[in-house]
Participant: 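One structure follows; several queries about it will come next.
All chains are named by letter (A, B, ...) in the order of the sequence lines, taking the proteins before the strands, and each is independently numbered beginning at 1. FYI, side chains are in, hydrogens and waters are out, and symmetry mates aren't considered; it's all heavy atoms of this structure.
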Amino acid sequence: MSTQHLSEQELIRRDKLAELKKLGIDPYPAPEFPVTHTSVDIKFGYSEEHKEAFAEVSLAGRVMSIRDMGKAAFAVIQDHAGRIQIYVKRDEICPGEDKTLYDTVWKKLLDIGDIIGIKGYGFITKTGETSVHVREFALLSKALKPLPVAKEKDGETFDAVTDPEFRYRQRYVDLVINPAVRETFVQRTKLVNTIRQFLNERGALEVDTPVLQSIPGGAAARPFITHHNALDIPLYLRIANELYLKRLIVGGFDWVYEFSRDFRNEGMDRTHNPEFTILEFYTAYKDYLWMMDQTEQLLEQCARALHGVTDVTVGDKVISFKAPFARVPIYDAIQQHTGIDVREMDEAELLKTCKSLHLVADATMGKGKLIDTLFGELCEHHYVQPTFIIDYPVEMSPLTKRHRKDARLVERFELMVNGKEIANAYSELNDPLDQRARFEEQAKLMERGDDEAMFIDYDFLRALEYGMPPTAGIGIGIDRLAMLMTNQASIQDVLLFPQMRPEKTSGAASEE
RNA sequence: GAAUUGGUAGCUCAGCUGGUAGAGCAAUACACUUUUAAUGUAUGGGUCCUGGGUUCGAGUCCCAGCCAGUUCACCA
């Protein structure tokens, strides 16, 4: 790219870069810069009584603002922990005759966005702000693009970058300039760590299973397809890892889990990204009732880890993750919200019912899908507080064990929070013959035109034939849980790099 | 995939009924040795998303497209 596409400010910064080099200053030096303190260590640790502990501090970070006052200046630098003000006095960083370092390097060549290292000591300014009095400073990395930093006064923010396209495409900038965004992702990691700790403490084993699968199983969804050249076969990006984790239960691991990055070739909106993360775990010799207890405990612990309490604010609602959660059979839920008892209906009656309620339904849909539609359209949004919807009809749950008391039902629950499904769990079907029959039922649905019906996975059936212990399994949508726990309305705000249509190269500058 | 809103300086945004493109911050220059949205003075900075059309004249009106947000549809 030629320089005519660069903005005035970018051209000026390139000139400054050349100027620095002319002065013998490497704008991108190699040596380690030893850091002794973070901004926050000093900001909240410093006091006049303990000033000796801060007599020699060294820290590094990005210049966020500069207030130049002639022969002295204030600046704010930001490191991974936060921000702190620094104070630079000309005659201190330039004790001799040569004032170039201050007059030229600091005042003329340093910009907001540059990364510097400083050495100095802690002190408190006249106006009471804990700061670092700089004795030495070094440029560690010159920024060539202007950083669009927001300004704040009295809690009000000015000129913050709010354009979602800018923020998602240039997340690196978003993270630098919007501390709340950074905090959301720290919280997300804390959430994942809490879950991992919860499971590890109980003896679960974290495993990795294939992302590239020749049969995309374990869920009803359209997969991404790719091709392996050496084997010359199609491969699918996984839509779920369920069948692999159950193979591991067959193999004798009694409690396995995986944070599974799954891929589904479907629409995108504020709750769907083509790749997303689900925690799945499977525990031998347990059932779905046990799993509900575990889920309550896990979510309560997550809320406490992130917020210290079990009440979490989500939008204009307060959601309590205090265990136990309500448990409502799906037929009761439908009856409660529609007044219709569908439990004895056959497929034709269900289809009629759906149509009479003005729901989109057609003959390709089996009984399971019709009931799912009734629940999803008319009931789901009512469940704001965490609620287990339990005992689904067998037709919509091809991998689930039949209910111990009613063979038309399965031992399954979905956890609804804030009107959305957060988790899906069941007593796993371990009867190989029943599983084969259910797969065959799915194959028939596929022939009827259901493009989300499951493929038959013969290797999985073979595994079951060797015997799988009775097992409880669950999948928890981590992105959606993160949205709840961090009070974000869009999945894009809990994904560091949400999927975007590729931008034209002219926008992403500097191909020179 | 559909509807809808938006795209103007590095950022946040004005720009009326079509008449030479505006502000604040950021940048540049000067002044200022404890400021904090530092301050004061001066200055520069634009592919008005792209391509067509209407018009004497288009940021503005019309058509097509691109990108994004929102709401649907599909789904977790």
Participant: Does a side-chain N or O from A/Lys151 land closer than 4.0 Å to OP1 or OP2 of B/rA37, or not?
Facilitator: no

Participant: Pick base, sugar-phosphate or nothing for A/Asp91, based on heavy-atom distances below 4.0 Å to the nucleic acid.
Facilitator: base

Participant: Test of understanding: with side chain to side chain contact (heavy atoms under 4.5 Å, CB included), list the residues that count as partners of A/Leu175, not counting sequence neighbours.
Facilitator: A/Arg171, A/Val181, A/Arg182, A/Phe185, A/Leu496

Participant: Kindly say whether, by distance alone, the side chain of A/Asp159 makes a donor-acceptor pair under 3.5 Å with the base of B/rG24?
Facilitator: yes

Participant: At less than 4.0 Å, is any side-chain N or O atom of A/Thr162 found next to OP1 or OP2 of B/rC13? Yes or no.
Facilitator: yes

Participant: Please test A/Ser39 against A/Asp79 for side-chain hydrogen bond (donor to acceptor under 3.5 Å, both in side chains), starting from the C-alpha separation and ending with a verdict.
Facilitator: CA-CA 6 Å; A/Ser39 59; A/Asp79 61 16; 2.7 Å; yes

Participant: My understanding is that only residues two or more places apart in sequence, or in another chain, count here; which of them pass ring pair (Phe, Tyr, Trp, His ring centres under 6.0 Å) with A/His382?
Facilitator: A/His337

Participant: Using the P atom as the point on both nucleotides, what is the distance between B/rG6 and B/rU60, in whole Å?
Facilitator: 14 Å

Participant: Please work out if A/Ala220 contacts a base, only the sugar-phosphate, or nothing of the nucleic acid, heavy-atom cut-off 4.0 Å.
Facilitator: sugar-phosphate

Participant: A/Arg169 side chain: which of B/rA76, B/rC11, B/rC67 is closest?
Facilitator: B/rC67

Participant: Does B/rC67 have OP1 or OP2 under 4.0 Å away from a side-chain N or O of A/Arg501?
Facilitator: yes

Participant: What's the closest nucleotide to the side chain of A/Asp111 if the choices are B/rU28, B/rC25, B/rG69?
Facilitator: B/rU28

Participant: A/His133 has an atom NE2; how far is it from atom P of B/rU34, in whole Å?
Facilitator: 11 Å

Participant: Run the salt-bridge test on A/Glu92 and A/Arg135 with the 4.0 Å N-O cut-off and return the result as yes or no.
Facilitator: no

Participant: Assess, by modelled atom type and distance only, whether the side chains of A/Thr471 and A/Glu428 contain a donor and an acceptor separated by less than 3.5 Å.
Facilitator: no

Participant: Would you mind pulling out the nucleotide paired to B/rA2, Watson-Crick or G-U wobble, both distances under 3.5 Å?
Facilitator: B/rU71

Participant: Would you kindly give the CD1-to-C1' distance between A/Ile422 and B/rA76, to the nearest whole Å?
Facilitator: 9 Å

Participant: Check this one for me: any side-chain N or O of A/Lys126 less than 4.0 Å away from OP1 or OP2 of B/rU33?
Facilitator: no

Participant: From B/rU34, B/rG69, B/rA76, pick the nucleotide closest to the side chain of A/Met500?
Facilitator: B/rG69

Participant: Using the P atom as the point on both nucleotides, what is the distance between B/rU8 and B/rC49, in whole Å?
Facilitator: 6 Å

Participant: Pairing check on B/rG59: which nucleotide meets the Watson-Crick or G-U wobble criteria with it, both distances under 3.5 Å?
Facilitator: none

Participant: Taking any strand in view, what nucleotide pairs with B/rU47 in a Watson-Crick or G-U wobble way, both distances under 3.5 Å?
Facilitator: none

Participant: So, do A/Tyr244 and A/Gln213 sit near enough that their side-chain heavy atoms are less than 4.5 Å apart?
Facilitator: yes

Participant: With a 4.0 Å cut-off on heavy atoms, is A/Arg67 in touch with a base, just the backbone sugar-phosphate, or nothing at all?
Facilitator: base

Participant: If the C1' atom of B/rU54 is compared with that of B/rC62, how far apart are they to the nearest Å?
Facilitator: 7 Å

Participant: May I ask which nucleotide in the shown strands pairs with B/rU41, Watson-Crick or G-U wobble, both distances under 3.5 Å?
Facilitator: B/rA29

Participant: Just by distance, with hydrogens left out, do A/Tyr87 and A/Gln85 show a side-chain donor and acceptor under 3.5 Å apart?
Facilitator: no

Participant: Ignoring backbone atoms, establish whether A/Lys107 has a side-chain N or O less than 4.0 Å from OP1 or OP2 of B/rC30.
Facilitator: no

Participant: Touch check for A/Gln85, heavy atoms < 4.0 angstrom, all strands: base, sugar-phosphate only, or nothing?
Facilitator: base

Participant: Could you check whether the rings of A/Phe455 and A/Tyr236 sit parallel, tilted or perpendicular, using 30° and 60° as the cut-offs?
Facilitator: tilted

Participant: Would you mind reading off the distance between A/Lys89 atom NZ and B/rU35 atom P, rounded to a whole angstrom?
Facilitator: 13 Å

Participant: Does B/rU28 have OP1 or OP2 sitting under 4.0 Å from an N or O in the side chain of A/Lys16?
Facilitator: yes

Participant: With A/Asp208, which residues qualify under side chain to side chain donor-acceptor pair (under 3.5 Å), at least two apart?
Facilitator: none

Participant: Using a heavy-atom cut-off of under 4.0 Å over every strand shown, decide if A/Asn273 touches base, sugar-phosphate, or nothing.
Facilitator: base

Participant: B/rA42 and B/rG69: how far apart are their C1' atoms, nearest whole angstrom?
Facilitator: 41 Å

Participant: Taking only the P atom of each, what is the distance from B/rA76 to B/rU4 in whole angstrom?
Facilitator: 29 Å

Participant: Going by 5.5 Å between centroids and 30° between planes, is there a stack of A/Phe158 over B/rA37?
Facilitator: yes

Participant: In terms of relative ring orientation, are A/Trp106 and A/Tyr102 parallel, tilted or perpendicular, with 30° and 60° separating the classes?
Facilitator: parallel

Participant: Taking atom types as they are modelled, would you say the side chain of A/Gln9 forms a donor-acceptor pair with the base of B/rA26 within the 3.5 Å cutoff?
Facilitator: yes

Participant: Tell me, which of residues 68-76 of chain A have any heavy atom that sits under 4.0 Å from an atom in RNA chain B?
Facilitator: A/Asp68, A/Met69, A/Gly70, A/Lys71, A/Ala72, A/Phe74

Participant: Cut-off 3.5 Å, no hydrogens considered: what does the side-chain donor-acceptor table look like for residues 383-391 of chain A, sequence neighbours left out?
Facilitator:
unit_1	atom_1	unit_2	atom_2	d
A/Gln385	OE1	A/Ser320	N	2.8
A/Gln385	NE2	A/Val318	O	2.8
A/Thr387	OG1	A/Gln385	O	2.8
A/Asp391	OD1	A/Tyr288	OH	2.6
A/Asp391	OD1	A/His403	NE2	3.3
A/Asp391	OD2	A/His403	NE2	3.4

Participant: Would you measure the distance from the C1' atom in B/rA14 across to the matching atom in B/rA9 and give it in whole Å?
Facilitator: 13 Å

Participant: Do the ring planes of A/Phe54 and A/His37 sit parallel (below 30°), tilted (30 to 60°) or perpendicular (above 60°)?
Facilitator: tilted

Participant: Any N/O pairs under 3.5 Å between the protein and nucleotides 70-72 of chain B? List them or say none.
Facilitator:
unit_1	atom_1	unit_2	atom_2	d
B/rU71	OP1	A/Arg270	NH1	3.4
B/rU71	OP2	A/Arg270	NH1	3.4

Participant: Rounded to whole angstrom, note down the P distance from B/rC61 over to B/rC16.
Facilitator: 9 Å

Participant: Quantified in whole Å, what is the P atom distance between nucleotide B/rU43 and nucleotide B/rG57?
Facilitator: 35 Å

